[in-house]
Amino acid sequence: MRHQRNTPKLGRKEGHRKSLLANQVCSLIEHSRIKTTLAKAKAVRPLAEKMVTLGKKKTLHARRTALAVLRQAGAVSKLFSDVAPRAAERKGGYTRIVKLGMRKSDAAEMAFIEWVDGAVAVEVVTPEPKAAAKKAAKPKAEATTEAAPAKPAKKEKAEEPKPAE
């Protein structure tokens, strides 16, 4: 029976899903932040946190277990040498998910998943009020047949020679 086993399926069969999640965790280890759908980010979080917990153990068995799951030796070595030591004093909660809004093409909810001990990833982008002000303040040019006078060319300053010492 499947009591209390709520694994997100992500519309994939088991082998494809495991490969997808392993690749996502490897990308997270390599880049410290990845942009993906919210459903995938929520599915990646438990696996990424388990890998960090393995990395904190620093045993050969933990390294081999992580390699069996992730299947990328470079990602495992970076996990054990870089990511896990940064999280040594934490007891859990190594990742954060930052919601980004909807994707234009299919309206899927997008999110960043990143390490908590890393830098803040998302900067709020606000529209520039100057652009709206320029559009409103700019008067429409009158249609004339005469060409506007050309601007005078900038004069170059002559460099003064330095006295010899």
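Counting from 1, the numbers follow the sequence of the chain as shown.
Judged by distance alone, with hydrogens and angles left aside, the side-chain atoms of W115 form a donor-acceptor pair with the main-chain N or O of L28 at under 3.5 Å. Proximity of a side-chain donor or acceptor of R17 to a complementary backbone N or O of L20 within less than 3.5 Å is not detected. Between the side chain of R5 and the backbone N or O of H3, no donor-acceptor pair lies under 3.5 Å. Of the possible donor and acceptor atoms, none in the side chain of S19 sits under 3.5 Å from a partner among the backbone N and O of H16. A donor-acceptor pair under 3.5 Å is absent between the side-chain atoms of R103 and the main chain of A108, judged by distance alone. Between the side chain of D82 and the backbone N or O of K78, no donor-acceptor pair lies under 3.5 Å.
Residue I34 is tested with I29, V25, I113 for a side-chain contact (heavy atoms from CB on, under 4.5 Å); the sole match is I113.
Summarising the local packing, CD of E89 is surrounded by more than 12 heavy atoms from other residues, nucleotides or ligands at distances under 6.0 Å. Residue R12 qualifies as enclosed at atom CZ: its count of foreign heavy atoms under 6.0 Å is above 12. For K104, the NZ atom is loosely surrounded, since the number of other residues' heavy atoms within 6.0 Å does not exceed 12.
Atom NZ of residue K35 and atom CZ of residue F112 lie 6.0 Å apart, to the nearest 0.5 angstrom. Distance check: N23 CG to E30 CD gives 11.0 Å after rounding to the nearest 0.5 Å.
Between the side chains of K56 and Y94, a donor-acceptor pair is found at a separation under 3.5 Å. For the 3.5 Å distance criterion, the side chains of T95 and E114 fail to qualify, holding no donor opposite an acceptor.
In plain terms, the two heavy atoms of A84 and V52 that are nearest each other are CB-O, 4.2 Å. Closest heavy-atom contact between G93 and E49: N-OE1, 3.3 Å.
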